[in-house]
Structure formats: C-alpha cells, structure tokens
Amino acid sequence: MVKSMSDDYQPKIIALVCNWCTYTAADLAGTSRLCYPSNIRMIRMMCTGMIDPKYILKAFLDGADGVFIGGCHPGDCHYINGNLKFKKRMAGIEAIISQFGFEEDRLRLRWIGASEGPEFQHNMTDFIQTIQNMGPSPAKGLMVL
Amino acid sequence: MTTQNKPKIGVYICHCGMNIAPKVDVEEVARYIQELDHVTVARDYKFMCSNPGQDMIINDIKELGLNRVVVASCSPRMHEKTFRNAVRTAGLNPYYFQMANIREQVSWVTKDSQEATEKAKSMVAAAVARVFFHQPLDTREVTVAKSVLVIGGGIAGMQAALTSANAGYQVSLVEREPSIGGHMAKFDKTFPTLDCAACIMTPKMVDVLQHPGITLYTWSEVEKVEGFIGNFEVTVKKKPRYVDEKKCTGCGTCMQKCPTKKILSEFNEGLSFRTAIYTPFPQAVPNVPVIDATHCRVLGQNKKCGVCAKFCETKAIDFDQKPEFVTLKIGAIITATGFQAVNPTSLEQYGYGRFPEVYTSMEFERLNNATGPTSGKVLMKNGMVPKRVAIIHCVGSRDTRHKKYCSRVCCMYSMKFAHLLREKTGAEVWEFYIDIRSPGKLYEEFYNRVQEEGVRFIRGRVAEITDMVEDPGDEGRLTVIAESTLTRRTVRVPVDMVVLSVGLEPARGSEDIGRLLGLSRDGDGWFNELHAKLAPLATPINGIFLAGCCQGPKDIPDTVAQAMGAAGEAIALLAKGIVTTQAEISRIDPDLCSGCKSCIESCTYSAIRFDEARKVAVVNEALCMGCGSCAAACPSSAAGVKHFTDKQVMGEIEALLM
Ligand SMILES: Cc1cc2nc3c(=O)[nH]c(=O)nc-3n(C[C@H](O)[C@H](O)[C@H](O)COP(=O)(O)OP(=O)(O)OC[C@H]3O[C@@H](n4cnc5c(N)ncnc54)[C@H](O)[C@@H]3O)c2cc1C
Ligand code: FES
C-alpha cells in the first residue's frame, strides 16, 4: 500500500504504555472526563521494560508520526526497575530510528503515575502538538510497505 | 486444534448505557467490524457486562462455533476478568479474548462524536487483529509445603515463628548466634513504657523453645536456598557447638571450670569477659553452651586442656563435632535478620576508642542492665558514679557523609537513657540533638516527662569531644563542644561520661542473605519490600517476606506488628495450600536461544537459570512475574512473554495504523 500525504494532516500516534501506571492514568483521565485529541492509539503493555525496540520501529515504518512511551516513575515500576531498563535502551532506540530517517523527537518517553490523570491529558495534548508542528513522518508518501 | 486453525471471531460493542453509545456510533462500529476478515459476528448491546450480555457471548460461542471473542466496552482493568470467565464458561480458553477500551479511552475523552467513532473503529479492529494471534494459555497449580522458615531470631523472628506455629504450621527458626533474642535481649528497659525487657523477652524465648511447632536451629546459618514459592528447598548449616545438645543439662559447670577466662564478651559489648566455653548470657535459649574454637586451648591452640570435658557429668563435650547440614522443605520464608549498631570509631570527633568514658548506646544498654557487667549500676571505669553525662543523638545518622537516614529509635532510646540515669544516679544529663523525633503512641508524652525530670536539651550537632578542660577543677573529665542552634552560641560542657546514640545499619552478612534469597537491597543496604504502601512485608520474590529491622530501622512495637503481619502473609499462603502460576509469563525458545545469558542478567526475580547441559536459558515458571525484561533484552528473539508475543503486539500496531 502506498500512503500519500494529505493536506489536512492528522498525525497518527502510537502510545505504548505500562498497565500499572500510565494505562491506569489514562483510565483516570477517562473517569475524570479530561478530553484530549483523538489521534492517540494506545497499546497496553505490562511494563515499559517489555517494550522491544522493534515495536517502535515497526510503528514508525507502518506510518506512525510519533511514538509515545509511558511508564511508572522511577521507583514505582510494578516490576521494580523495568522502566529504568527501558530508559537505558532509549539512546540506542533513538539511534536506530534516526538511521531510518525518523527524527528523535518523534519518540518520547515520559513517566506518568497511576494517579496522574491530568498529567496524562497534558502529555498527550503536548505530544500531539509537537508532532503536529513537526509535520508528517518521512515514512508517509515514501515507504512502500 | 481445528477450532484454533480457522479463527472465527465474535465482536461485541457495548453501549454502556449512555456512556459509550451516544458519543460513539456503536451500530456504525459494528457494521464496520462485521466486514473485517475472520469476523463471524459483530453485535452491539446495551450492557455487555450484564447477565444477558454475557449470555449473548456464551450462546454465540456455542451456536456459531466462535473461537475468539472481542468485547469493546470499558477498561480491561474493570471487566477483563468478567468476560474471560464468560468465555471460559462457554468452554473456550479464556485467553482467546481481547478487550478494546472504548469508554475510558474514547467516549469519555473525545469531544467530537465522529472522531470518537473513528477512534473506536480503529481500536476494535486492532483488538480483532490481536486476538487472531492469541493462543490458549494455562495456569498451573502447585502445592505448597506447609512449613515456614524464619531467618534471624531477634524479637521479629521469634514473633513471626510463634504466630506461624500457633496457626498450626511447622516452623524452622535459624539464628546464627548461640542464643535467640537479638538486640532486645540486651536491653533492661524499653521506651516509652519503661517496661522490663527481660520480663517480656525471657518467657517469649522459652515459648519459642518449647513450642511443638518450632524447630530451633541456633548457632546455625542458611547455606543454600533453591526452588520457589511454596516449594523452597533450604539447606541449614549447624555450626559445631562442640557440645551435644541432647546430653547437655545446662548446669554450667564447664563454664565455671574453663581456664580460658579473658575473652571479651560479645553480649556485654566487650565490657566484661567470658570463657571459651560459654553461653552468651545466663538466660540464653537454648541453655546449651558453645565452645569458641578460636580461643579454646584444645580446638584453637592444640594444647592439652579438656577441663570442661573432664567435669561434664553427662559427657556432652565433643571436640570432634563437625558441621551438620539439614535440608528443609519450606513453603514460605520470613527474613528477620535485623540490624547492627553503627561503630562510631571512624567518627573521630567523638573520641570513641580514645576516651574510656565514651560509650556507644549498646554498651550503655549493658552498663545499665541488671544482668550486665556492673549488675545494672551505672559506673565509670574507675568505679565512680558519673555526676554529669552527655548523650549525643544521631551519631552517624542524618549525615550526608555517613548514614543519611534517620535511625528512628535514637531520640527515643536517648531519652530512655536520660530517664534511667536521672533515676539511678541522679546525674545531670545533657542531651545534644538535631531535632527530637517522637512520633509514636505515648512518645511525645515521654519526651515531656523527661524534660520535666530536669534533663537539659541542647539543639545542635556536637563538634568535638575532648579531654582538654578549661577549668583545672574539671581535670580528668571530658568536654563536649557544640554549637547551640537555638542560642547561636558555642557551649562547652564538662562531663564524666558520654553516650553516643549511634545509628542503625543492616546486620553484617545481609548482602549474603540477600544473594541467597534473591532479595534486592536499597541504597543503604536494607531489604526492599515489594511496595512501600501496598505490599510492605512482601518482597519481589514470591513467598519471601520481611519482618523487623532488616527492612529498615524501627522500634519494637513496629517490629512486632510487622512480624505478625509477615507471619499472616505466610499463613495466608500456606492455608490456601496451592499457588496458581500466572499464565502471562516468559518463555524461552530453546531452538532460538544462543545461550548468551542476557536474559539472566536482566531478570529482577532470579527466575531464569542456565541449563548447562543444553546450553540454553530456562524460565522457572513459578518465579517469573511476566515483566518481559528478558524478552526485550534477548538479542535472538528467543525470549517472549506469553500473551504479549511479537505477533500479537505488532499485529495490534499494524491494525491501529491502517
Ligand atoms: C541502643 C538501642 C536501644 C533500643 N531501645 C529500644 C527501646 O527501648 N524500645 C524499642 O521499642 N526499641 C528499641 N530499640 C530498637 C530495637 O532494638 C529494635 O526494634 C529490635 O531489636 C528489632 O528487632 P529485630 O528482630 O528486627 O532485629 P535484631 O534484634 O537485630 O535481631 C536480628 C536477629 O537475627 C540474627 N541474624 C542476623 N543475620 C542473620 C543470619 N544471616 N542468619 C541467621 N541469623 C541472623 C541476629 O543474630 C539477631 O538475633 C533500640 C535499639 C538500640 C540500638
Ligand atoms: S510497570 Fe510501569 S514501567 Fe514497569
């Protein structure tokens, strides 16, 4: 499928978030009726520590304009330190995606705790704004997948 | 098998009353999903979680032969269990199920109705794509050995052992010293009630000894721990006592006759001597001596002696005793290895080790103890009663160059000392403190009481303790120099005796115990609890719990409460009798594993071991928590978490970006 660039650009964003903190924060944003743009597509992982770099690359290659990773604050990870393990891999992942031509800023890692519904909303709005400003991902209109 | 081969997916879109439906056009979503590959049926309904909603799923599975189910409704954190049960009721493996969260993450957070409908479509389609790759998973039930191992026989370990044994479980209590009792056995009085420690402690120690459910291993250490929750295999090493526990009557003749008498008593903090064959204190439990092999003439110096053996009427002395190893089958482990008091020698400004009249708080406990070296009279080395005593708080604590944390008990025990000194000696007592920390039941009241008793409090860190005196009349005394932060003046107080209220640090050897059990320790060396608020007694290793000071400094009331709690956790586990292993755990494909061991390094739970014969990593299903660190760390894609496989996650990603 050849993807083409459309005029009214609606970024597509994949969020890989851990079940215990950021997913729970997203639920809390829901129960508190805190609205945010609808372009976020969230995937529930058990922990940020299980996020394989290839998932991120796959998202970009499939046309995501941004990838958001959300986990527990350091010290709060349900599995002790999965979040820190992921953080250690961040630099490597950024290097991989930029080799493929995706700007590092299209990938964002944030710690959002289970009680931080407003922070979740704020982070989503802010990331979408950033991606909106950056324009479409270079994958669009280029990649034949 | 066959049902699995050709996916037939049923999709159910919930209105959730008015919560999803008006915002999301559920009928439109159902129409859209109905057209997707492998979708046999897509329906919308008012309340999927209601009985008729669940029945709809169950009937469709039975009548239409569905083998995969997707429900688009609220958060899986809310109803995943409900729907999995429904799927199971219909005879399908509950893991052939996926939820799309179109309430919390769509209808409740999206303003525009059309956008919400589009987002819902995409999320339900992704759930369909994911469930396509789902596999049946099973949980396993493992039986639990009805026994508890308690490591450490201080007040925490004793209490945990008693509570567990009273519930009817077999307890093995391992204590490395010759007697149980820990620190509390060394105290005379305890704050804030000033009740007699021995009066509480001695009967408890005897209870532990005599309890039919408790096997006591003193002068013993845990050598090896294998296995997992419910099924630990523990090897205990009984160090040679050189005294046959079964024959010894505890008469004490050996100790009286032993000619090697000038060994510093550990129990009395070096303030008195003991013999080479000894019990640490007269009320020791068990009341069976050990021979200190280093100092014994026969064992340590190859000399002729054997006086103890000569006088022992029951022939209990056995110089040829060897270490003995006992293997135990254990269901749950309670770690209660406690603390040790910080040695203040390196804090040179306090003069500990240089000035004989500078004592640590543990030494003072013995000096003040009725069974101690001075029979409870607080005397200086020259036999005189001190006229003025300084007590210095927070020695080695709350100090970024030393222990940055508060020892939690030093304010209270310092004030206990002040009270006892006033009562016993009438001495003037000066307390040098940073802040008074008395947050406990009756603790602030105790502080007030001590103030009323005329104890002086100077707020400020002590700069130095010196033997240089300003007034020649004070010759031979020590001078405490401190900056009072309240008056902003330097105070110099000549005193006869100084007590250093030293901080607490993890017991020597905690690191080894941590390694044996797979427990992690915090920056200060205390064992990490699983969760500070929600699981304060559990550890990251299933089936291992914490009690007392090994988790962090605390007083006796908190220690006992924690010990009972830890025993409660252990009892709950044993009472159930089985543990159900989680289904979403890691799996390492032996055909893909290159044997690089990256996964073993990445595993927080010590749940992966290396099979030397096959040269591959193997997951222990009972220990794995399913965090997936190994999966992300594996360079050969051999490790993966069940229910979070690459295909499933990538299938979801792909569908979301269609
Ligand atoms: C000077 C001083 C005065 C105090 N006064 C009071 C007071 O008045 N009131 C109050 O409430 N609290 C007081 N406390 C605090 C009190 O001592 C503790 O709360 C309590 O002793 C903690 O008990 P525990 O069983 O956790 O640790 P411990 O008493 O340290 O017991 C741990 C036991 O484990 C054993 N052990 C250690 N490692 C191993 C191993 N690897 N294998 C086998 N066994 C092992 C040790 O030998 C010891 O017997 C005081 C503390 C100090 C330092
Ligand atoms: S569980 Fe949230 S980051 Fe590990």
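What you see is a predicted model, and the numbers here were worked out from it, not measured in a lab. Letters A, B, ... mirror the listed sequences (proteins, then strands); counts begin at 1.
Taking a cutoff of 4.0 Å between a charged side-chain nitrogen and a carboxylate oxygen, R44(A) and E80(B) qualify as a salt bridge.
No side-chain donor from either of D112(B) and S38(A) sits under 3.5 Å from a side-chain acceptor of the other.
For the pair N101(B) and D27(A), the minimum side-chain heavy-atom distance is below 4.5 Å.
In terms of modelled atom types and a separation under 3.5 Å, the side chain of K85(A) and the main chain of S629(B) share no donor-acceptor contact.
For the atom pair H78(A) NE2 and L530(B) CG, the distance stands at 7.0 Å (nearest 0.5 Å). For the atom pair CD1 (I40(A)) and CG (L656(B)), the distance works out to 11.5 Å, reported to the nearest 0.5 Å. With values rounded to the nearest 0.5 angstrom, K119(B) atom NZ is found 6.0 Å from R41(A) atom CZ.
With chain B as the partner, the residue from P37(A), G82(A), C18(A), G30(A) showing the most heavy-atom pairs under 4.5 Å is G30(A). Listed options I14(A), L16(A), N19(A), T24(A) were ranked by heavy-atom pairs under 4.5 angstrom with chain B; first place goes to T24(A). Heavy-atom pairs under 4.5 Å with chain B were tallied for I43(A), I51(A), T48(A); the largest tally goes to I43(A). Between chain A and the residues S122(B), A116(B), A532(B), the largest count of heavy-atom pairs under 4.5 Å involves S122(B).
Heavy atoms closer than 4.5 Å to chain B are found in the backbone of L34(A), but not in its side chain. Neither the backbone nor the side chain of M124(A) comes within less than 4.5 Å of any heavy atom of chain B. Heavy atoms of S32(A) lying under 4.5 Å from chain B are absent altogether. For a residue to count as touching a neighbouring chain, one of its non-hydrogen atoms must lie under 4.5 Å from one of that chain's; by this rule N19(B) touches chain A with the side chain only. If you measure heavy-atom distances from I80(A) to chain B, the contacts under 4.5 Å come from both the backbone and the side chain.
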